[in-house]
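I have placed the structure first, in the form of structure tokens, so that the comments after it can refer back to it.
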Amino acid sequence: MTRAKQSIEKNLSPEALTMIKELGSILKPLLDATHKEQPTSNGYYAEYMAILGKAAENKPTAYIKLLAIAMIYEGCNPDGLNAAVKLLTN
């Protein structure tokens, strides 16, 4: 288990963790397919931006961050994901 996943499990309420796990299970097939390919950018940043951007179209920042937490839980590269989130929420 990654440190990021451990931190999420430690810091979220049981209800929030259940929601993150459910959202992560929905995203997992897409993320697994993404991670099987060679990244086109540092830390899969461009790939994560495409996933978040498409899913978060016209959605509030909180929605993007919620998706990002689920993606981290499923093993996404934290640096790449953080870069994508910053660009989409600023």
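Owing to the predicted nature of the structure, the values given are computational and were not obtained by experimental measurement.
When every heavy atom of Ser41 is checked against every heavy atom of Ala46, the shortest pair comes out as OG-N, 2.7 Å. For the pair Ala70 and Gly24, the tightest heavy-atom approach, listed with the atom from each and the gap, is CB-N, 3.9 Å. Considering all non-hydrogen atoms of both residues, Gly53 and Leu88 come closest at N-CD1, 3.7 Å.
Under the 3.5 Å distance criterion, the side-chain polar atoms of Glu47 are left unmatched by any main-chain donor or acceptor of Pro39.
Residues satisfying the side chain to side chain donor-acceptor pair (under 3.5 Å) test with Thr2, not counting sequence neighbours, are none. Legend: residues meeting side chain to side chain donor-acceptor pair (under 3.5 Å) with Asp32, ordered by chain and number and at least two apart, are Lys28. A search for side chain to side chain contact (heavy atoms under 4.5 Å, CB included) contacts involving Gln6 returns Met1, Arg3, not counting sequence neighbours. Contacts of Lys21 classified as side chain to side chain contact (heavy atoms under 4.5 Å, CB included), with partners at least two apart in sequence or in another chain: Glu9, Leu17, Tyr73. Looking at residues two or more places apart in sequence or on another chain, you find no side chain to side chain donor-acceptor pair (under 3.5 Å) involving Ser25.
Note that the CD atom of Glu74 and the CD1 atom of Ile8 stand 9.5 Å from one another [nearest 0.5 Å].
In the hydrophobic clustering of ILVMFWY residues, with side-chain heavy atoms under 4.5 Å counting as a link, Ile26 and Leu31 come out apart.
For the pair Val85/Thr61, no side-chain contact is recorded, criterion being any heavy-atom separation below 4.5 Å from C-beta on. Residues Leu12 and Met19 fail the side-chain proximity criterion, which asks for heavy atoms closer than 4.5 Å. Using a 4.5 Å heavy-atom cutoff, the side chains of Cys76 and Tyr48 are in contact. Taking the side chain as every heavy atom from C-beta outward, Tyr45 and Leu87 approach each other to under 4.5 Å.
Atom NZ of Lys5 sits in a crowded spot, with more than 12 heavy atoms from other residues, nucleotides or ligands closer than 6.0 Å.
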(Q) If you apply the rule side chain to side chain contact (heavy atoms under 4.5 Å, CB included), what do you find for Ile20 with Leu66, and how did you get there? (A) CA-CA 8 Å; Ile20 290 299; Leu66 178 65; 3.4 Å; yes
Q: Mind running side chain to side chain contact (heavy atoms under 4.5 Å, CB included) on Met71 and Leu52 for me, showing each step along the way?
A: CA-CA 10 Å; Met71 290 170 71; Leu52 288 172; 3.6 Å; yes
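Identified under the side-chain hydrogen bond (donor to acceptor under 3.5 Å, both in side chains) test for residues 76-90, with sequence neighbours left out: none.
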